[in-house]
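In what follows, a single structure is set out as structure tokens and then discussed.
Within every chain, numbering begins at 1; the chains are lettered A, B, ... in the order of the sequence lines, protein sequences first and strands thereafter. Source: prediction; values computed, not measured.
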Amino acid sequence: MPSLNYVAPATVQEAVRLLAGASGLAKVLSGGTDLLVQLRSGRTRPELIVDTKKIPGIIGIREENGGFVIGAATPGMALFEHPTLKQTWPGVVEAANLIGSKQVQGRASLAGNLCNASPAADSVPAMIAAGATCLIAGSDGTRQAKVEDIVTGPGRTSLARDEFIVEFRLPKREPRSGDAYLRFIPRTEMDIAVVGCGVCVTLDANGVCTAARVVLGAVAPTPVLVPEAAAALVGHKLDDATLEMLDAAARRACNPIDDKRGTIDYRTKVAGVLARRTAAIAFNRASGGKSAGGH
Amino acid sequence: MAMQGLSRRGILGGTAAGLATIPLSGRAAPPAPDAPAAIPPPVRTPEMQDITLQVNGRRIALAVEPRTSLLDALREQAGLTGTKKGCDRGSCGACTVHVDGRRVLSCLTLAIRCQGHAVTTIEGLAIGEELHPMQAAFLEHDAFQCGYCTPGQIMSGAALIQEGHAGSPEEIREWMSGNICRCGAYPNIVAAIQTAASEG
């Protein structure tokens with residue numbers, strides 16, 4: 001086995017310096033629930049692991065300007081246990097809490113789920129729907145990016161080799177808005193999405209949608225933001241004709257693979273159905289309902 | 001295997017002799033009645049780093065490679081074989097331990113990053129001969145058959161009650177969904193957790 005070094009720097013600058021100075025493959029470690037599996041299987045053979053968890057602020061959640069700042073390595077269970085995050089962005093928290101088992105959620109982080117760059121990552125469509133951004137540190141300082149601009153393909157991201165995500169920002173939620181995430185799997189727990197769908201909508205006083213974001217997971221090489229699906233909702237109430245337009249737009253956005261979890265036809269059909277169901281929950285939440293998410 | 005020359009009783013009684021152990025708290029296990037032979041130290045490789053883990057209230061000095069999982073460090077080096085290796089890839093829950101009171105999968109946790117954190121394994125739940133309520137409930141309800149998944153089930157069940165998710169059988173099933181039992185002892189496991197929760 002090639003030699004492997006482990007370093008746990010205490011500052012962002014030191015972490016960036018280590019990543020920039022690595023001669024071979026360097027991997028950023030947050031929760032580690034994907035990286036350790038890949039290390040053991042030999043799928044990844046880094047020469048350096050940079051553990052970010054000693055960096056102050058990389059774990060934790062704080063409210064800022066009505067929104068939330070979530071440290072990149074904050075475990076999913078901490079999102080679930082936060083007193084106000086789930087009330088404000090229930091779709092994001094529900095999506096994060098679908099990742100692996102409860103034990104995995106004691107470790108697994110939003111940054112890891114995003115940068116592992118699986119097309120089926122549960123938290124990513126929900127974060128994109130919510131309009132989340134991330135703060136990225138690198139040799140040239142820090143930059144902000146939209147979450148939808150990070151994943152470029154299965155296992156690939158737009159981050160440079162000396163860059164890593166420091167924190168996520170969830171915006172202040174608009175009045176009369178709501179988000180939701182649903183995934184379809186053949187069982188209720190411990191599985192990988194056949195299709196995932198995140199929706200965030202804003203309504204006017206009459207229940208007419210004024211803004212929407214619809215995101216599909218596991219139906220393309222990356223999570224996909226579907227403006228056509230959002231356009232199907234804007235200007236409409238949640239009636240049958242609107243849902244039919246949403247369903248059709250979601251199906252048109254699909255470019256899935258055939259695998260043991262589902263055929264292309266099956267995934268495409270499920271995407272439309274899941275978009276309907278997710279939108280219904282988001283509309284209900286936006287109009288003040290306490291609709292629970294599901295699986 | 002590092003098990004050779006060790007007695008099961010000695011392992012259950014506490015940390016293997018031959019390792020520098022310093023009790024840290026009142027929960028420390030009593031000395032082993034028949035101290036096992038020292039575990040032969042692993043062959044030293046250039047990658048190895050010396051670390052100190054705090055396991056079940058004792059400090060344990062180990063030399064580990066960066067890639068060594070907490071599970072392997074506990075089983076192969078600390079002699080704490082109560083934590084089981086099922087899938088070794090985060091799917092089955094048999095290796096569940098607590099780190100700083102939160103349940104995690106020791107197969108998906110690097111030993112090297114557990115320095116400065118409190119690790120509790122199945123060996124650390126009982127106080128002397130007095131079983132943890134979850135252990136007693138598993139015995140009472142016969143909540144296992146082959147027993148291989150049981151340490152993980154018990155560690156998960158104990159954490160689940162601390163997390164406040166033992167409100168109903170449905171809630172228990174969901175929050176125990178990361179622990180797989182191939183014998184299918186689930187009804188008795190849920191019953192045991194309900195009993196332990198009601199006594200808590």
*Do any N or O atoms from the side chain of A:R40 and from the backbone of B:C107 form a donor-acceptor pair under 3.5 angstrom?*
yes
Considering all heavy atoms of both residues, which atom of [X] and which atom of [Y] are nearest to each other, and what is their separation?
X      : Y      : value
B:G178 : A:S101 : CA-CB, 3.3 Å
B:L110 : A:L29  : CD1-CD2, 3.8 Å
A:V104 : B:L108 : CG2-CD1, 4.3 Å

*Take atom CZ in B:R182; do more than 12 heavy atoms of anything else shown fall under 6.0 Å from it?*
no
Less than 4.5 Å to any heavy atom of chain A: does that hold for the side chain of [X], its backbone, both, or neither?
X      : value
B:R102 : side chain
B:S177 : both
B:S156 : side chain

Could you state the interatomic distance from [atom1] ([X]) to [atom2] ([Y]), rounded to the nearest 0.5 Å?
X      : Y      : atom1 : atom2 : answer
B:T68  : A:Y6   : OG1   : OH    : 12.5 Å
B:T109 : A:L36  : OG1   : CG    : 7.5 Å
B:C92  : A:Q103 : SG    : CD    : 9.5 Å
B:R67  : A:L4   : CZ    : CG    : 5.0 Å

*asked:* Check this for me: does any side-chain nitrogen of one of A:K102 and B:E174 sit under 4.0 Å from a carboxylate oxygen of the other?
replied: yes
*May I ask you to name which of A:R107, A:K53, A:M77, A:M190 has the most heavy-atom pairs under 4.5 Å with chain B?*
A:R107
_Max heavy-atom pair count under 4.5 Å with chain A, selected residue of B:Q49, B:R89, B:E163, B:R103_ = B:R103
*Under 4.5 Å heavy-atom distance to chain B, tell me which part of A:Q105 shows up: side chain, backbone, both or neither.*
neither
